[in-house]
Amino acid sequence: MVRVFLALSVLISLHYSNDAIAQGCSDAGLCSIQGMDGSCQDESTNKHKFSAGTTLGMGDNGTRVTGFSLSFEKQLQPKWIVSSKLTASSITGEMASTSGFGDLFLTSAYLLSSGSNHSLTWIAGCKVPIGKPSVKKNDYDLPMAYQPSLGSLDAMLGIVFHRNQMQVSIGIQQPLSGESDNAFLPESYPNAQAMKYPASNRINRKGDILARFTYTIPVFTSRLTNRVSLLPIYHLGEDTYSDARRERVSIVGSDGLTLNGNVVSSYRINERNSLEFSLGVPFVTRDVRPDGLTRSYVFGIEYTFQY
């Protein structure tokens with residue numbers, strides 16, 4: 001079954017990677033926070049964890065997106081873990097090259113129940129914008145695809161069920177801060193490049209419901225862990241923006257389902273150090289992603305130190 005899943009993942013990802021509008025490998029952050037990321041149960045006695053990671057992805061209209069993150073996790077009690085993650089990104093495309101800080105994620109995970117082969121964990125957190133989605137070039141506003149942050153304050157809730165090699169995560173991420181600071185309108189730009197990107201002036205994003213179904217593949221050594229995931233994400237409504245007349249306009253096609261696939265390999269170097277490699281691709285996409293989170297693929301590497 002797992003071999004069939006992997007084969008289908010590769011075939012479908014090759015098909016979609018040739019699609020200029022392939023999107024959906026990156027959500028607004030919920031799928032990658034501690035507890036919702038599909039990682040295995042940690043049997044280490046270390047109570048602190050520090051991680052540094054980088055990702056490479058292809059975004060809207062051939063933009064190249066390099067992401068960076070620093071994470072810290074602390075076990076306060078046997079059942080309670082708190083964590084934080086700071087993100088930044090560098091974006092290069094036909095319209096501009098930009099970079100800056102993204103967001104600060106603050107999360108808490110509480111173990112509700114556990115047994116010899118299962119556990120149930122409650123996740124709560126928030127996304128706090130550090131950067132602003134108002135980066136410009138030559139005094140012209142840039143679309144969201146070139147912004148290092150969505151600029152919204154988001155609440156996140158989730159629950160994770162783990163049994164043997166299977167893990168199911170379900171969560172919701174809801175923006176709380178209303179309209180963003182972005183001011184991009186394609187018609188106000190001096191050349192035709194801007195017409196490739198959806199308007200996002202004062203964009204108001206709807207929330208997302210996410211599920212992750214993860215299977216951990218047994219291997220011959222305890223140092224290596226491989227897992228595959230399917231991630232359906234449903235955008236709960238059409239996003240809106242403010243047009244040149246300051247009227248709210250719905251962005252048709254911005255709601256609905258995105259389905260992603262993810263393959264992760266983790267290698268434990270020793271008791272304190274480990275490396276993780278990941279690849280994510282979209283299988284099903286939404287018609288429009290005005291938030292600029294479009295990805296035709298995302299490849300990531302992360303180093304973790306525990307103490």
Side-chain angles (χ1 to χ4, degrees), residues 23-38 67 69 71 81-87 89 101-110 112 120-134 144 147-161 168-182 198 200-213 229-242 248-260 280 282 284-295:
Q23 52 194 242
C25 278
S26 177
D27 74 335
L30 178 63
C31 76
S32 61
I33 66 171
Q34 189 277 329
M36 294 290 294
D37 57 2
S69 65
S71 304
I81 295 175
V82 294
S83 62
S84 61
K85 181 173 73 171
L86 177 65
T87 66
S89 62
F101 285 106
D103 304 286
L104 176 65
F105 294 84
L106 302 171
T107 56
S108 175
Y110 187 80
L112 296 175
L120 185 66
T121 304
W122 176 255
I123 310 291
C126 64
K127 177 180 75 68
V128 181
I130 301 300
K132 291 186 176 182
S134 54
M144 291 296 292
Q147 305 296 337
S149 171
L150 294 176
S152 62
L153 174 66
D154 295 6
M156 298 179 291
L157 291 173
I159 193 163
V160 182
F161 176 73
V168 179
S169 308
I170 300 174
I172 184 170
Q173 180 167 352
Q174 178 61 48
L176 303 175
S177 52
E179 300 176 2
S180 81
D181 293 331
N182 188 264
S200 52
N201 179 43
R202 312 298 297 179
I203 187 173
N204 192 328
R205 296 177 54 253
K206 296 298 188 292
D208 296 289
I209 292 178
L210 175 145
R212 181 193 286 268
F213 304 93
S229 300
L230 281 176
L231 293 83
I233 304 171
Y234 193 85
H235 201 58
L236 294 172
E238 292 181 345
D239 301 329
T240 64
Y241 74 97
S242 179
R248 300 304 299 178
V249 178
S250 293
I251 304 173
V252 177
S254 59
D255 60 340
L257 178 69
T258 300
L259 179 63
N260 306 315
V284 177
T285 66
R286 287 189 273 141
D287 293 337
V288 183
R289 288 292 298 271
D291 50 24
L293 294 178
T294 295
R295 301 290 183 269

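It should be emphasised that the depicted structure is a prediction, and the values quoted were computed from it without experimental measurement.
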With sequence neighbours excluded, residues passing side chain to side chain donor-acceptor pair (under 3.5 Å) with [X]:
{"X": "Ser149", "value": "Asp103"}
{"X": "Asp154", "value": "Ser152, Gln173"}
{"X": "Ser83", "value": "Thr107"}
{"X": "Ser134", "value": "none"}

What do you reckon, is NZ of Lys206 surrounded by more than 12 foreign heavy atoms closer than 6.0 Å?
yes

Should we count CZ of Phe101 as having more than 12 external heavy atoms under 6.0 Å?
no

Mind listing the closest non-hydrogen atom pair of [X] and [Y] along with its distance?
{"X": "Asp291", "Y": "Leu293", "value": "OD1-N, 3.1 Å"}
{"X": "Ser32", "Y": "Lys85", "value": "OG-NZ, 3.0 Å"}
{"X": "Arg212", "Y": "Ser229", "value": "NH1-OG, 3.5 Å"}
{"X": "Gln174", "Y": "Gly207", "value": "OE1-CA, 3.6 Å"}

Quick one: list whatever passes side chain to side chain contact (heavy atoms under 4.5 Å, CB included) with [X], sequence neighbours left out.
{"X": "Ser180", "value": "Pro133, Asn182, Ile203"}
{"X": "Ala124", "value": "Trp122, Leu157"}
{"X": "Ser254", "value": "Glu238, Asp239, Ile251, Arg286, Pro290"}
{"X": "Ser242", "value": "Asn201, Arg202, Arg246, Arg248"}

[atom1]-[atom2] distance between [X] and [Y], expressed to the nearest 0.5 angstrom:
{"X": "Leu257", "Y": "Ile209", "atom1": "CG", "atom2": "CD1", "result": "11.5 Å"}
{"X": "Leu30", "Y": "Asp37", "atom1": "CG", "atom2": "CG", "result": "10.5 Å"}
{"X": "Tyr110", "Y": "Ile81", "atom1": "OH", "atom2": "CD1", "result": "12.0 Å"}
{"X": "Leu150", "Y": "Met144", "atom1": "CG", "atom2": "CE", "result": "5.0 Å"}
{"X": "Cys31", "Y": "Met156", "atom1": "SG", "atom2": "CE", "result": "11.0 Å"}
{"X": "Leu112", "Y": "Leu120", "atom1": "CG", "atom2": "CG", "result": "5.0 Å"}

Between Val288 and Val252, does the side chain to side chain contact (heavy atoms under 4.5 Å, CB included) criterion hold? Intermediate values first, please.
CA-CA 8 Å; Val288 183; Val252 177; over 6 Å; no

Do Arg295 and Asn260 come within less than 4.5 Å of each other through their side chains, counting heavy atoms only?
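Counting from C-beta outward, Arg295 and Asn260 never come under 4.5 Å.
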
With a 4.5 Å heavy-atom cut-off, do Leu153 and Val128 have their side chains touching?
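Sidechains of Val128 and Leu153: in contact.
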
